[in-house]
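So you know, we letter chains A, B, ... as the sequences are listed, proteins then strands, and number each from 1.
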Amino acid sequence: MPELPEVEVVRRGLERWAAGRTVAAVEALHPRAIRRHPGGADDFSARLTGRTLGVAQRRGKYLWVPLDGDLEGGDEALLGHLGMSGQLLIQPIGTPDETHLRVRVAFTDDGPELRFVDQRTFGGLSLDAVKDGVPLTIAHIARDPLDPQFADAAFIAALRAKSTGVKRALLDQSLISGVGNIYADEALWRARLHFERPSSGLTLPEAKRLLVAVREVMGEALAVGGTSFDSLYVNVNGESGYFARALNAYGQAGRPCGRCATPINRVAFMNRSSYYCPRCQKAARP
DNA sequence: CCTCATTCCTGCGGGC
DNA sequence: TGCCCGCAGGAATGAG
């Protein structure tokens, strides 16, 4: 399940394998994969064909590839989100189509194709105008904690100003982007905070500790190439990450907490799950 | 404006 | 053996 570290791994793969190449042909094979593109499949294919791909960019879990050759002057980009199961693969021409191949992009150099493969179709691609360096449709997405321009103090102030639970706040992409269910649980475990602690009740040290934890867990995941639990997540070269074995909370229900050996709890939360240590992560401060 | 529940999708695994 | 159901979850959407 791609969150920020996994998407960054994909971005680096795109930078390495796709930048500077010119699109020769585009096949949009599933309408849902391009549902965010207002013009539909034909418009998507026509407007992407002939364009030269720039260096891939990322904000949170979104990534985009700037497109050269736009004579209208308004910068444009190929924008993508991997959703839950999306992959961007670089595959040699002639490689058998993946079962869930949604979009194929071929290049004028007759080299390997760029393929968007997505089983559950929560992800998708679109073409979008770029303003101030960011695609218009993701202007509301906050900077992510690995962005050098992420404003720590402003985030902490906004977090403590919200009237919601701290995990809901972490998952709010307009407050801080790139954090999904996995890294939210891991960061909360590391910061020893219960997921339902009111964000407005966090002390300043607790809020700072949480942000440090978010950065640490993401940085460590990125260092080993992202998290992977199964074949659903694969990076641009088809290599899986292996951070899963280092998880302390997420998916660890019943297993001993790495700090105090108390069994990790799993409870329903926001139509998904929250994993936490009932001893290290108390709902109320003592 | 703010918060929060709902909805989309498909494959897998557990229970019966 | 086969069917049904729950589960995985990012983010747009609309209700309140």
Any side-chain N or O of A:Y62 less than 4.0 Å from the OP1 or OP2 oxygen of C:dA12? yes
Below 4.0 angstrom, N of the basic side chain to O of the carboxylate: do A:K61 and A:E6 qualify? no
Atom CG of A:D185 and atom P of C:dG10 are separated, to the nearest Å, by 10 Å
Got a sec, which residues hit side chain to side chain donor-acceptor pair (under 3.5 Å) with A:E3, two or more places apart in sequence or on another chain? none
Rounded distance in Å - CZ (A:F122) to P (C:dA11): 11 Å
Partners of A:R209 by salt bridge (Lys or Arg N to Asp or Glu O under 4.0 Å), sequence neighbours excluded? none
For A:D109, is the CG atom crowded, meaning more than 12 foreign heavy atoms sit under 6.0 Å from it? yes
5' priority, DNA chain B, between A:D172 and A:T99 [closest heavy atom]: A:D172
Among residues 152-161 of chain A, which contact DNA chain B at a heavy-atom distance under 4.0 Å? none
Ignoring backbone atoms, establish whether A:H140 has a side-chain N or O less than 4.0 Å from OP1 or OP2 of C:dA11. no
By salt bridge (Lys or Arg N to Asp or Glu O under 4.0 Å), A:R259 pairs with (sequence neighbours left out) none
Among all residues two or more places apart in sequence or in another chain, which pass the side chain to side chain donor-acceptor pair (under 3.5 Å) test with A:R104? A:E27, A:D97, A:E113
Classify the nucleic acid contact of A:N271 as base, sugar-phosphate or nothing, counting any heavy atom under 4.0 Å across all strands shown. base
Let me know the distance between CZ of A:R32 and C1' of C:dA12, rounded to the nearest Å. 11 Å
Hits for side chain to side chain donor-acceptor pair (under 3.5 Å) against A:R11, two or more places apart or cross-chain, chain-then-number order -> A:E8, A:E15
Residues in residues 163-171 of chain A with a heavy atom under 4.0 Å of DNA chain B, by number, are A:S163, A:T164, A:R168
Phosphate OP1/OP2 of C:dA8 contacted by A:S273 side-chain N/O (<4.0 Å): yes
Evaluate the ring planes of A:F155 and A:F150, with Trp represented by its six-membered ring, and classify them as parallel (under 30°), tilted (30 to 60°) or perpendicular (over 60°). tilted
Its 5'-most and 3'-most nucleotides having an atom under 4.0 Å from a non-hydrogen atom of chain A, DNA chain B is contacted over B:dT3 to B:dG11
Residue set satisfying salt bridge (Lys or Arg N to Asp or Glu O under 4.0 Å) with A:R36, at least two apart, ordered chain then number -> none
With A:T95, which residues qualify under side chain to side chain donor-acceptor pair (under 3.5 Å), at least two apart? none
Test of understanding: with ring pair (Phe, Tyr, Trp, His ring centres under 6.0 Å), list the residues that count as partners of A:H100, not counting sequence neighbours. none
A:R120 CZ to C:dG10 P, in whole Å, measures 11 Å
Hey, does A:R35 reach any base, or is it just sugar-phosphate, or nothing, if we go heavy atoms under 4.0 Å? nothing
Can you pull out every ring-ring contact (aromatic ring centres under 6.0 Å, His included) where at least one residue sits in residues 101-140 of chain A? Sequence neighbours excluded, please. none
Length of the CD-C1' vector between A:Q173 and C:dA12, whole Å: 12 Å
Rounded to whole angstrom units, what separation is found between the CZ atom of A:F269 and the C1' atom of C:dA8? 16 Å
Rounded off to whole Å, could you give me the NE2-to-P distance for the A:H81 and C:dG10 pair? 8 Å
